[in-house]
Number of protein chains: 2
Amino acid sequence: MDDAAIRQVRRFNRTVTERVGALSGRYLGRQRPLGEARLLWEIGPEGAEIRELRARLLLDSGQLSRMLRSLEAEAVVRLETARADARVRRVRLTRKGTAERAELDRRSNRLARGFLDPLSERQRERLLGAMAEVEGLLNASLVEIGPCDPASRDARACLAQYFAELDARFENGFDPAKTTTADAAELKPPAGVMLLARLRGRAVGCGALKRHPGRVAEIKRMWVAHGARGLGVGRRLIQALEAEARALGATRVRLDTNRVLTEAIELYRRSGYREIAPYNDQPYAHFWFEKRLSASRSGSRARGPSA
Amino acid sequence: MDDAAIRQVRRFNRTVTERVGALSGRYLGRQRPLGEARLLWEIGPEGAEIRELRARLLLDSGQLSRMLRSLEAEAVVRLETARADARVRRVRLTRKGTAERAELDRRSNRLARGFLDPLSERQRERLLGAMAEVEGLLNASLVEIGPCDPASRDARACLAQYFAELDARFENGFDPAKTTTADAAELKPPAGVMLLARLRGRAVGCGALKRHPGRVAEIKRMWVAHGARGLGVGRRLIQALEAEARALGATRVRLDTNRVLTEAIELYRRSGYREIAPYNDQPYAHFWFEKRLSASRSGSRARGPSA
DNA sequence: GCCGATCTCTGACTAACATCAGAGAAATGG
DNA sequence: CCATTTCTCTGATGTTAGTCAGAGATCGGC
């Protein structure tokens with residue numbers, strides 16, 4: 001990666017913080033500290049549980065609690081305990097709070113308009129296009145990949161979506177019971193490993209590795225959420241799985257797949273996988289792939305930003 | 001401007017502040033509050049006058065003073081009074097300060113790298129391209145156009161650069177004395193007006209309007225700095241001048257120009273100006289243009305972001 | 001029904017940032 | 001030379017943000 005690239009990123013950061021930052025701090029404020037404004041915004045018209053807010057805004061529980069009481073004292077929010085669980089509390093906007101949030105919204109819109117107003121029609125189109133591109137790619141670089149417990153909530157949610165998608169796309173549906181097992185125990189060290197890709201805390205993809213006798217590892221459960229496709233998540237999951245395979249001492253990685261999963265097949269080919277003869281008799285498998293791992297550690301930093 | 005555009009800008013803002021903002025606040029800190037780090041950075045290897053720092057960082061004089069003393073106590077900067085004027089003081093980095101600034105620089109680079117690392121080669125190229133585009137267009141939308149006193153420092157500086165450019169580009173050079181007068185008095189209300197385009201406070205272009213008898217106004221001194229070309233500054237200056245012309249009661253705007261100023265000629269044509277017969281005998285003029293102003297107020301908001 | 005985990009508060013602090021008024025030294029312009 | 005302006009510093013004071021430890025209520029699983 002050359003210096004020019006890094007300089008470009010830094011220049012971009014400076015320009016953008018000047019424009020966007022000046023914004024969030026100063027303008028949006030209407031007699032209200034930035035933190036409270038963000039909070040008000042994040043609560044939304046539906047209300048929210050405060051533990052959820054804490055996670056989303058990364059706030060200390062004490063701090064959040066105090067902010068909420070201050071908002072409550074001004075009658076912009078109302079606190080109530082959740083029906084289902086008396087430990088958790090919900091916040092709702094009062095009529096006054098809703099009005100104030102709408103005002104924040106208006107200001108935010110006016111500000112966004114300020115980006116576009118001075119530009120010509122053509123420039124506007126170019127700006128919007130480039131913004132979408134930057135946004136998408138920043139999201140891509142925000143995706144973090146790391147190991148997870150296959151029994152965890154997020155992991156099970158991913159697997160459920162994965163199976164649902166297979167069921168929808170396969171000609172005759174998909175029944176997990178008919179496939180060779182890869183249950184929680186098999187995807188946990190030392191038998192294997194399961195990785196989750198997260199974007200802002202939300203799980204957006206998964207992939208697992210199952211150890212086989214004889215320095216062979218098998219990739220299972222590769223899945224990327226629709227909203228996160230095109231961000232290179234699949235490629236990074238594979239690279240991370242290969243790194244795990246190396247760590248487990250494997251020299252070859254195998255996988256099987258179904259012919260309707262064309263994007264996946266394309267991804268495997270691009271990642272250096274070659275078609276081999278069937279190594280199992282999975283009912284849903286049409287293609288079998290293998291890749292010999294080189295000794296190099298390339299791809300081992302694919303887990304996330306090294307910063 | 002449609003809602004989708006505004007939503008795109010707002011989404012972009014959110015994504016970018018999350019990524020860029022998290023950055024500046026947390027990571028860059030090395031035991032040092034953000035404000036001090038920015039200050040350290042801004043001082044630069046050459047040192048700086050503190051009144052200049054105050055202006056650049058928009059800091060309260062008391063606050064800046066305290067920050068400097070704190071840095072001085074840690075021996076990262078040294079304060080000295082300026083030679084020329086004993087009221088103003090200069091700051092310099094000590095050896096330790098220089099080292100610390102270099103460290104900040106390294107961190108900043110590492111951070112920028114964190115944007116790029118997780119991406120594939122192709123994605124990186126796309127991100128850098130889109131960043132450059134966004135940066136350029138945000139700069140474009142940061143340009144503000146407003147009236148100025150033609151005798152002011154900035155105005156004179158622009159005119160000097162304008163004349164220097166004409167002198168360099170015209171076949172036989174350019175001598176302001178040979179041209180019809182358009183001195184300060186003529187470009188000031190009520191005889192006329194002069195507009196300056198500013199980007200972050202720096203003057204990057206100018207344009208003036210001179211009133212003539214009979215509802216005619218003449219555009220003079222149109223100039224855009226090299227570094228600011230391609231941002232649409234010329235177009236906006238013209239629109240703003242036309243708005244001024246309307247305000248002065250003119251229904252037609254005229255101008256003359258030299259054949260070597262091809263970008264300007266192109267700009268005039270695009271802005272709706274049509275070639276007319278010579279209306280003066282300027283020695284440097286090869287083309288004469290005119291535009292009839294419609295009654296509409298279109299372009300009147302071209303002065304700057306309406307936010 | 002009990003244990004450990006979860007969730008929300010409160011209290012007690014600290015750090016960072018910001019604002020305002022005014023004092024003292026030095027330059028500038030008549 | 002004097003009044004005014006410019007520039008820096010100090011003191012007093014306030015607001016916003018962020019941290020930590022622990023109390024009290026409630027839930028879920030055994």
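Every chain is numbered from 1 and lettered A, B, ... according to where its sequence line falls, protein lines coming before strand lines.
- Just one residue in the list Leu53(A), Thr98(A), Ile50(A) forms a side-chain contact (heavy atoms from CB on, under 4.5 Å) with Ile43(A), and that residue is Leu53(A).
- Applying the salt bridge (charged side-chain N to carboxylate O under 4.0 Å, His left out) test to Arg78(B) and every residue at least two apart in sequence or in another chain returns nothing.
- The C1' atoms of five pairs define one axis at each end of the helix from dG1(C)-dC30(D) to dG30(C)-dC1(D), and these two axes lie 30° apart (to 10°).
- Judged as a side chain to side chain contact (heavy atoms under 4.5 Å, CB included), and not counting sequence neighbours, the contacts of Glu72(B) are Val77(B), Leu79(B).
- Within residues 42-52 of chain A, no residue is approached by DNA chain D to less than 4.0 Å at the level of any non-hydrogen atom.
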Contact string for nucleotides 17-30 of chain C, one letter per nucleotide 5' to 3', B = base within protein heavy-atom range under 4.0 Å, S = sugar-phosphate only, - = neither, reads SSBB-----BS---

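- Taking the side chain to side chain contact (heavy atoms under 4.5 Å, CB included) definition, one finds that Arg11(A) meets it with Gln8(A), Arg14(A), Glu135(B), sequence neighbours left out.
- Between the P atom of dT10(C) and the CG atom of Leu68(A) lies a distance of 11 Å, rounded to the nearest Å.
- Shown here are the side-chain hydrogen bond (donor to acceptor under 3.5 Å, both in side chains) partners of Asp85(A), two or more places apart in sequence or in another chain: Arg87(A).
- We find that CG of Leu71(A) is positioned 16 Å from P of dT8(C), with the value rounded to whole Å.
- What separates CD of Glu80(A) from P of dC9(C) is a distance of 12 Å, to the nearest Å.
- The side-chain hydrogen bond (donor to acceptor under 3.5 Å, both in side chains) check on Arg106(B) picks up Glu103(B), with sequence neighbours excluded.
- Look at CG on Leu57(A): it is 12 Å from P on dA17(D), rounded to the nearest Å.
- The side-chain hydrogen bond (donor to acceptor under 3.5 Å, both in side chains) test applied to Arg83(B) returns no partner, not counting sequence neighbours.
- For Arg32(B), no side-chain nitrogen or oxygen approaches OP1 or OP2 of dA16(C) to under 4.0 Å.
- Sorted by first and then second residue, the pairs that involve residues 36-49 of chain A and meet salt bridge (Lys or Arg N to Asp or Glu O under 4.0 Å), not counting sequence neighbours, are Arg32(A)-Glu36(A), Glu42(A)-Arg56(A), Glu49(A)-Arg51(A).
- Remark: the backbone N or O of Met194(A) is not paired with any side-chain donor or acceptor of Lys220(A) at under 3.5 angstrom.
- Scored by the salt bridge (charged side-chain N to carboxylate O under 4.0 Å, His left out) test, Arg66(B) finds no partners at all (sequence neighbours excluded).
- Every residue meeting the side-chain hydrogen bond (donor to acceptor under 3.5 Å, both in side chains) condition with Arg10(B), not counting sequence neighbours, appears here in chain and number order: Asp105(A), Ser108(A), Asn109(A).
- Residue Val88(B) places its side chain closer to dT8(D) than to any other of dT8(D), dC9(C), dT8(C).
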